[in-house]
Number of protein chains: 2
Amino acid sequence: MERRSINVKIGSMTAKKQRTERRSDALSKERIVAAAIEILDTEGESGLTFRALAARLATGSGAIYWHVADKNELLAATTDHVIARVMTRVIGDAEPSEAIRAIALGVFDAIDEHPWVGAQLSREPWRTAMLQIFEGIGGRLQRLGVPEAAQFDAASVLLNYILGVAGQNAANARIAAGDAARTDRMTFLGAVAARWARLDAAEYPFLRQVSAQFPKHDDREQFLAGVALILAGIATVR
Amino acid sequence: MERRSINVKIGSMTAKKQRTERRSDALSKERIVAAAIEILDTEGESGLTFRALAARLATGSGAIYWHVADKNELLAATTDHVIARVMTRVIGDAEPSEAIRAIALGVFDAIDEHPWVGAQLSREPWRTAMLQIFEGIGGRLQRLGVPEAAQFDAASVLLNYILGVAGQNAANARIAAGDAARTDRMTFLGAVAARWARLDAAEYPFLRQVSAQFPKHDDREQFLAGVALILAGIATVR
DNA sequence: ACCTGAACACCGTTCAAGT
DNA sequence: ACCTGAACACCGTTCAAGT
């Protein structure tokens, strides 16, 4: 099948020697995860089916189950993969609060690139991806001098805030993708703002007021502003 | 069908006169939403299918589509219904920061009761449910004296934090429900903590330390501590 | 040990046909 | 106007059979 030629570049770079000596393009969890990420990025969450994945890997759909327990594990593995990359890139000896900002931003940008991660992160908690983020944040809070009794709560606020934003970005991307196939960011925000502006003035005064700033605002900046606000609150207890 | 007798109590209390004069137990969006909520509460998200819903309503599965566009709208309507109840209960003239705490807690408790709401809230944003929460928070921030330029960011942090926690609670409930059918809260938390304690000490020092406090901690208290932390951060800019 | 692909038990959604 | 329920086009998952 000519599909094979596409797959050559998918695996772990070149066809380095596998543990088994079978065909060099043998299936492996890594190749499956890589292919799944490609599908998720290009076709969206609904595009990832075992049939589509099998077709891309030029194999039978049942073969995937030899390497992966089920779709849940597959999705969790793709999320872990994306987040693990982010976290290794973020490792460094920056000043703690700066490091926290870097972690948050790294996750934000990763989700901007792979919106489906935002949904998955919340769906399967206590997996490697979340633990790495939590650990990264918690460690910096310790070095920041947050008293031990407050560290757990402080790390939790930051983590949950990040998860909340992640979920929203995933949802927005899903909506934008569905909308006439080619709605860009600005027109999407504009449409939301316009809808808010049309809301009942008595019932939604705040939303109407805010609708004016909405199209101008930058999600990434607002996300960072939120992190700063939370860090300011944490500074209060140390 | 004897199912009918069950359904009598499901609708809008007693069979008040309908707009149409047909059978008093005629289908309506409200009855469908109420039945869907019952299924979601008792069988979980995966239990809500159009076939199950139709069976409970003693009708054909196609009939539901006369009142509801598709499953997405059905889920959004159930979420709006649950959150709307919370928000009307919360309305009052409490001191602003106290009102914000009440809104947050109201949403938290609603999700504790209907875990699926936590997942749905993030899945379909910019719907009535989220707008009501956002408006409620934003309005109190104004009254709290937060400068106008900071109101949007401040309301967003709080909203996203709530959404993050909501998503986690939904996921935890889903896991607990799957686990041997009858894992209670404490043993679930204990299991998570035990797993954390077993993590590599070099890679996850923070998680290992925190694992000791984890079983003792109260999600609700921790949620409130997070709200307080964010409010403290917001107080910084006013 | 690993892969194949037909088969199974479901889904959401549609739609001709009824009342 | 509203409801019925068979039919359609999918799913994830299993498993006997192959190499």
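Just so it is clear: chains get the letters A, B, ... in the order the sequence lines come, proteins before strands, and each one is counted from 1.
- In this structure, Y204(A) has its ring center at least 6.0 angstrom away from the ring center of F134(B).
- As judged by a 4.0 angstrom heavy-atom cut-off over every strand, L74(B) is placed among residues making no nucleic acid contact.
- As rounded to whole Å, 5 Å separates atom P of dT13(C) from atom CZ of F50(B).
- Proximity note for K71(A) (side chain, C-beta onward) versus dT14(C), dC3(D), dT13(D): the nearest is dT13(D).
- One finds a salt bridge joining D109(B) and R220(B) here, because a Lys/Arg side-chain nitrogen approaches an Asp/Glu carboxylate oxygen to under 4.0 Å.
- For the pair D70(A) CG and dC11(D) P, the computed distance is 17 Å after rounding to whole Å.
- Taking the six-membered ring where tryptophan is involved, the planes of F214(B) and W126(A) are perpendicular, since the angle between them exceeds 60° and thus also 30°.
- Regarding I32(B), its CD1 atom lies at a distance of 11 Å from the C1' atom of dC3(D), rounded to whole Å.
- Rounded to whole Å, atom P of dT13(C) lies 11 Å from atom CD of E73(B).
- Listed candidates were dT13(D), dT13(C), dC11(C). Nearest to the side chain of S61(A) is dT13(D).
- The nucleotide dA6(C) finds its pairing partner in dT14(D), both defining distances of the Watson-Crick or G-U wobble pair being shorter than 3.5 Å.
- Put simply, NE2 on H67(A) is 8 Å from C1' on dC3(C), counting in whole angstrom units.
- Of the candidate nucleotides dC3(C), dG12(C), dT14(D), dG12(C) has the atom lying nearest to any side-chain atom of R51(B).
- Proximity of the aromatic rings of F223(A) and F108(A) is defined here by a centroid distance below 6.0 angstrom, and this criterion is met.
- For dC3(C), neither phosphate oxygen OP1 nor OP2 lies less than 4.0 angstrom from any side-chain nitrogen or oxygen of W66(A).
- A salt bridge links E73(B) to K29(B): one of the charged nitrogens lies within less than 4.0 Å of a carboxylate oxygen.
- Atom pair Y65(A):OH and dA17(D):P shows a separation of 21 Å (rounding to whole Å applied).
- At whole-Å resolution of the value, CG in L57(A) and C1' in dC3(C) are 13 Å apart.
- Base pairing of dT19(C) is made with dA1(D), judged by Watson-Crick or G-U wobble geometry with both donor-acceptor distances under 3.5 Å.
- At the heavy-atom level, I64(A) lies nowhere under 4.0 Å from the strands shown.
- E45(B) places its CD atom 13 Å from the P atom of dG12(C), with the value rounded to the nearest Å.
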